[in-house]
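Here is the naming used below: chain letters follow the sequence lines, and residue numbers restart at 1 for every chain. The structure displayed is predicted, hence computed values, not measured ones.
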2 protein chains.
Amino acid sequence: MSSSLTPFFKPRGVVVIGASTSPEKLGYGVARNLIQSRYKGAVHFVSQKSGTLFDRPLYTNLNDVPDPVDLAILIVPTQVTPQTIEDCAKRGIKAAIIVSAGFREVGAEGAALEQQCVDVARKHGGAFAAAIIDCARGEGFGFSQIVSLGNQADVNETDVLPEVAKDEHTRVIVLYMESVSDGAKFVHAASEVTKHKPVIALKVGRFEAGQKAAASHTGALAGSEAAFDAAFAKAGILRADTAEQMFDWARALEDCPLPRGKRMAILTNAGGPGVIAADSLETNGLLLSQLTESTLRALSSYLPPSSSVHNPVDMLASASPESYATCLKILLQDENVDGVLVILPPPPMFKTENVAEKVIEVIGNFDKPVVVALMGSTLVEEANKVFQRAHVPTYPFPERAASALGALAKRAEYLNGLQHLPTLELNKSKSEVRRLRTPEELIASYGITTTPIKLARDENEAVTIANELGFPVVMKIASPDILHKSDIGGVLLNIKSAEEALSGYATLLERAKKAMPLARIEGVHVQRQIPEGQEVIVGAVRDPLFGPLIMFGSGGIEVEGLKDVAFALAPLNQTEAQEMIRKTWAGRKLKGFRSIPPVDEESVIDVLVKLSLLAYEHPEVDEIEINPLRVLQKGAVAVDVRVRLRA
Amino acid sequence: MSSSLTPFFKPRGVVVIGASTSPEKLGYGVARNLIQSRYKGAVHFVSQKSGTLFDRPLYTNLNDVPDPVDLAILIVPTQVTPQTIEDCAKRGIKAAIIVSAGFREVGAEGAALEQQCVDVARKHGGAFAAAIIDCARGEGFGFSQIVSLGNQADVNETDVLPEVAKDEHTRVIVLYMESVSDGAKFVHAASEVTKHKPVIALKVGRFEAGQKAAASHTGALAGSEAAFDAAFAKAGILRADTAEQMFDWARALEDCPLPRGKRMAILTNAGGPGVIAADSLETNGLLLSQLTESTLRALSSYLPPSSSVHNPVDMLASASPESYATCLKILLQDENVDGVLVILPPPPMFKTENVAEKVIEVIGNFDKPVVVALMGSTLVEEANKVFQRAHVPTYPFPERAASALGALAKRAEYLNGLQHLPTLELNKSKSEVRRLRTPEELIASYGITTTPIKLARDENEAVTIANELGFPVVMKIASPDILHKSDIGGVLLNIKSAEEALSGYATLLERAKKAMPLARIEGVHVQRQIPEGQEVIVGAVRDPLFGPLIMFGSGGIEVEGLKDVAFALAPLNQTEAQEMIRKTWAGRKLKGFRSIPPVDEESVIDVLVKLSLLAYEHPEVDEIEINPLRVLQKGAVAVDVRVRLRA
């Protein structure tokens with residue numbers, strides 16, 4: 001454990017500075033909670049008045065406090081806080097938690113904990129932490145550590161996360177976040193943690209960020225929320241929508257084995273909740289398992305004829321504890337079933353807790369997740385306790401049980417994806433952006449195909465350029481005086497050979513001279529003719545927290561309106577790029593749709609990976625956007641590129 | 001009350017046919033529940049063996065059962081069910097509920113209830129109903145009636161809904177639906193009910209409908225879910241996403257006054273849940289109220305300096321019961337505040353129930369909704385009871401409290417909208433579709449502008465047609481032998497006057513003759529030239545349950561991919577049409593976006609209303625689609641129309 005954080009997580013002794021004997025004072029509450037917390041180290045109190053508190057002396061001078069003491073909890077007026085910290089330092093105390101009211105923002109708070117949670121948080125988030133501990137107690141699970149970081153003046157989430165993860169008693173980590181101190185570091189640290197332990201985040205403050213000025217569609221669409229989503233995805237963190245969901249998921253992730261796939265079975269004694277559960281499985285990205293023939297036969301021969309043996313398996317209200325156990329066993333034995341959602345409203349003829357006992361015996365024999373929708377209140381109280389003791393997660397409604405199964409499947413998918421992740425080759429030889437004259441040159445230096453327009457000053461140069469660009473080319477008269485080139489026949493399409501380029505040059509000059517004898521002619525612009533294809537947008541914008549954020553989606557001028565875009569953090573590997581593509585209609589369409597012919601999806605993946613590398617390796621690029629990128633039958637060409645460099 | 005349903009809702013006597021003395025039999029459970037249900041009418045039992053059950057005789061013959069008896073509950077084998085029903089009819093029993101297992105589908109079940117709920121449902125949905133009753137009990141509210149309709153062989157939701165609504169003890173109606181028997185009737189009946197009482201529906205079976213063959217984009221996109229959404233919107237029914245949400249909303253709608261607007265205040269003693277609540281308000285379509293200056297002054301002078309007086313108002317963890325009451329009062333007095341979300345985790349220094357008591361005193365003095373996020377478990381148990389007794393809805397997490405406030409605001413908005421709903425004029429003189437030759441004629445008969453192509457056989461006819469269509473027109477040579485008309489100069493754009501039409505006719509004939517002397521010339525096609533504009537799709541498809549469903553959105557060929565569409569049930573009024581437009585990007589764009597100039601939104605509303613009338617008045621039209629409808633600076637023109645009539 002890193003030495004500077006040790007006193008926070010494993011203090012040998014704690015002193016409460018500002019302890020009080022008045023029960024309505026904060027200094028009393030903190031002292032009481034620390035005593036009640038089962039913290040096993042030394043606890044000391046410092047107060048303005050001498051005396052005793054909880055059978056311990058009240059010291060009036062910090063220097064009188066005996067060893068060991070390496071963590072101070074400060075409940076002192078704001079004005080004297082700096083002096084008190086200095087006093088602590090002089091006394092050799094390495095860590096301090098400031099609990100004082102009197103700072104305008106959310107004040108610094110914290111907790112010194114080992115094995116059992118200590119509720120020292122007494123302000124702002126503090127009451128929240130107390131409610132969370134109480135709530136968890138009600139649901140039969142506990143926290144090994146609760147770390148409330150306050151204003152993070154000194155210690156932030158990136159420092160703490162790996163330390164928390166090291167704790168053998170911590171099996172699941174839940175994060176409540178309003179922001180992040182160092183996004184890139186956080187993603188890196190979290191990625192390491194999630195390889196071994198599940199992390200769930202509740203990120204709040206979604207609607208607080210105002211609109212910012214942006215030079216591109218990518219910049220306009222990439223808000224802080226998109227960045228957090230991308231960061232959580234990159235780090236393998238499961239993002240919960242609500243606090244309740246965070247805890248629902250945490251219980252499943254703590255207690256259940258991970259499923260091998262997404263095919264789930266539903267076992268119920270009532271039709272309605274079975275249908276609800278089936279809907280919810282799909283909402284949560286899961287599939288209703290197709291039971292094997294032998295499972296259907298086994299269920300048919302066991303259940304009464306009016307039951308439904310097809311998934312959702314409805315045993316009818318007459319189902320006994322034995323029916324639940326037998327059918328659950330049959331389902332868990334099915335190779336097509338990756339997990340089971342058991343629905344258990346109070347059975348009319350039996351005690352719910354008896355069903356619980358029978359079901360638990362079965363669950364223990366399989367390495368597949370089983371979650372229970374235990375519906376009701378007083379009639380299922382006893383059953384709930386039975387399940388809690390056996391570490392089988394229960395939820396009051398099928399939707400929440402399905403959501404928990406969904407979290408398990410997402411976790412499994414993430415760990416599975418880690419095993420065959422292609423490695424990303426970072427470009428060793430960075431090009432210096434500022435030395436490159438145009439956006440086209442910049443993206444071309446990363447191997448992205450562009451369509452440069454080049455000026456030919458004579459017919460031989462036209463041929464050279466056309467050869468260089470590759471046929472077919474487009475040729476346009478180059479003159480500052482001729483605005484509507486097509487009108488005078490000043491544009492030649494589909495020039496296929498050197499000969500055609502040679503004669504084309506002459507043709508254009510002749511037509512221009514004839515139509516506008518006084519126009520200044522600079523020569524002829526030559527450009528590779530881009531075949532028909534599909535057009536998409538590809539962009540990158542530097543998020544202030546997480547660095548370059550890559551966007552892909554439907555291009556054109558209506559990007560912000562259609563919002564058919566996906567985001568991911570740079571650098572991207574092929575798999576990540578492909579996932580972005582699949583998330584959007586523009587991406588799915590690449591494979592063709594009705595009269596729209598299929599185009600080269602691989603080339604888009606390639607451009608995404610390359611652009612992400614470019615953005616990752618060039619911190620001076622604030623925004624870069626290719627709109628459109630024309631995707632052809634073979635290859636993709638950047639038709640228009642814009643870059644904004646950091647000021 | 002309609003006479004045929006009276007026995008179900010107000011039976012004078014009930015007979016259980018198939019009652020049993022064996023506790024593990026269904027016939028025993030139903031009898032027991034009926035006895036325990038506090039149902040005040042007569043209860044009789046019929047069984048194969050004579051004897052007694054619950055101090056009542058067991059009759060072996062239905063004819064021996066004494067009066068009064070007007071409802072029978074059948075727990076008999078499937079095979080003898082028809083005979084038993086006949087026996088009932090002979091005995092003068094007007095209503096029967098079939099509980100027998102042995103029907104393959106969800107069996108018919110039911111309940112005869114008055115004032116207190118009777119749980120007779122013993123099969124499928126029955127266990128679900130039991131769980132719901134138990135769950136409600138745990139949350140401190142009850143059901144005045146629970147009606148489980150089983151397979152609805154005789155009585156369906158449309159018959160029952162108005163009856164349930166008439167009950168003075170029923171303040172909120174919740175519906176669990178898997179389908180609907182007669183969609184149009186249901187929408188009509190529900191619309192009447194929701195004017196007086198809130199109705200919340202949980203519609204399940206979302207993912208069951210397979211793909212169906214469709215002749216249009218509208219048909220392909222309009223699934224059963226879109227139809228149910230549209231039907232619920234039309235009927236003023238609030239649609240809940242989950243069972244938990246349905247009950248969360250029901251409690252708020254039962255206990256709270258409706259808000260006048262959407263501006264909500266948050267009162268908290270902890271920062272984190274305050275931020276969560278603020279996010280959740282916005283997620284649920286509500287606004288974080290801007291507190292008035294005088295409110296801010298009042299809060300500032302009352303609260304300690306480190307509190308946050310801006311919404312969310314954070315009193316800090318030291319907040320006392322008096323702080324909660326005083327600040328809540330200040331907030332409810334604010335004219336900018338339409339409702340308050342109180343966040344109450346266990347305060348460190350006070351008992352949560354004391355806060356509850358103080359807060360309740362304040363709530364009673366205002367006609368604004370207040371919901372409480374009461375966070376925790378054992379520490380808030382007592383407070384929860386206090387709130388329940390006072391009919392103040394509590395929720396364990398801020399997100400759920402915010403969702404309940406959102407439901408209140410939606411209900412208020414709906415009732416408000418009812419007051420100034422424009423009346424819809426149904427077309428009295430229906431045109432006979434089959435007599436109209438073309439889709440263009442059909443929509444034109446409803447006043448929707450089309451672009452008919454007409455053939456002029458000579459130059460005078462060309463002038464007549466052009467005058468009729470209105471200038472400018474496009475003229476094209478009409479010949480079965482000339483495929484590429486533009487190539488021979490066979491198309492004239494922007495013909496602005498009769499003179500130009502006259503000479504145009506001659507020009508086209510001359511050019512055709514010169515280019516292709518042998519081509520057969522039929523004359524010249526004249527078509528109104530449609531100016532540039534925005535293109536949208538407008539369609540209608542006959543939903544098998546609810547009738548014509550109108551679609552609006554982004555047109556073209558990618559309709560199904562972009563899915564930028566909205567649905568509503570016909571007939572539409574202007575307000576409903578406008579709402580559809582606002583829901584889509586295609587609609588919002590009508591007002592202009594960046595370089596896209598604004599177009600005539602009113603004309604789109606007009607087309608939507610007219611098309612909805614057309615579909616409503618012509619049951620023989622299965623699908624009709626205008627794609628694209630070109631919306632101009634003034635007016636809108638149907639460029640392409642397709643119709644599919646019922647086979």
Side-chain angles (χ1 to χ4, degrees), chain A residues 24 26 29 101-104 106 122-128 130-131 134-135 137-138 176 178 204-207 242-244 269-273 275-276 278-279 282 304 306 314 316-318 345-349 375-379 396-397 399-400 557 561-562 564 585 588-589 593-595, chain B residues 24 26 29 101-104 106 122-128 130-131 134-135 137-138 176 178 204-207 242-244 269-273 275-276 279 282 304 306 314 316-318 345-349 375-379 396-397 399-400 557-558 561-562 564 585 588-589 593-595:
Chain A
E24 75 283 358
L26 202 57
F103 296 95
R104 184 71 199 169
V106 174
R122 295 281 91 191
K123 193 171 143 302
H124 287 218
F128 187 27
D134 189 37
C135 176
R137 205 183 285 155
Y176 167 85
E178 294 179 8
V204 295
R206 289 181 191 241
F207 294 98
T242 67
E244 188 166 74
N269 69 347
V275 180
I276 295 178
D279 275 11
E282 303 225 24
S306 42
D314 184 357
L316 307 187
S318 54
M349 300 301 145
M375 305 178 72
S377 174
T378 50
L379 292 177
F397 288 95
E399 296 95 331
R400 286 170 59 186
I557 63 161
L562 290 172
D564 174 46
W585 162 243
R588 292 189 296 273
K589 194 174 56 175
F593 174 76
R594 295 202 169 181
S595 60
Chain B
E24 74 283 0
L26 202 56
F103 296 97
R104 182 73 202 168
V106 174
R122 295 281 95 191
K123 196 172 139 307
H124 288 215
F128 187 28
D134 188 38
C135 177
R137 204 184 284 156
Y176 167 86
E178 293 178 8
V204 295
R206 287 181 191 240
F207 295 97
T242 67
E244 188 168 74
N269 71 348
V275 180
I276 293 177
D279 274 11
E282 303 225 25
S306 42
D314 184 356
L316 306 189
S318 54
M349 298 301 144
M375 306 176 73
S377 172
T378 51
L379 292 176
F397 288 96
E399 294 96 331
R400 285 170 59 184
I557 61 159
E558 293 183 40
L562 290 172
D564 175 47
W585 162 243
R588 294 190 295 274
K589 193 175 59 176
F593 173 77
R594 298 202 166 180
S595 60

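In this structure, A:Ile276 and B:Val204 approach most closely via the heavy-atom pair CG1-CG1, 3.4 Å. Nearest heavy atoms, A:Gly272 versus B:Tyr176: CA-OH, 2.8 Å. Of all the heavy atoms in B:Glu558 and A:Trp585, the pair that sits closest is OE1-NE1, 2.7 Å. Across every non-hydrogen atom of B:Thr242 and A:Glu399, the tightest pair is CA-OE2, 3.0 Å.
Proximity to chain A (any heavy atom under 4.5 Å) is shown, for B:Glu244, by both the backbone and the side chain.
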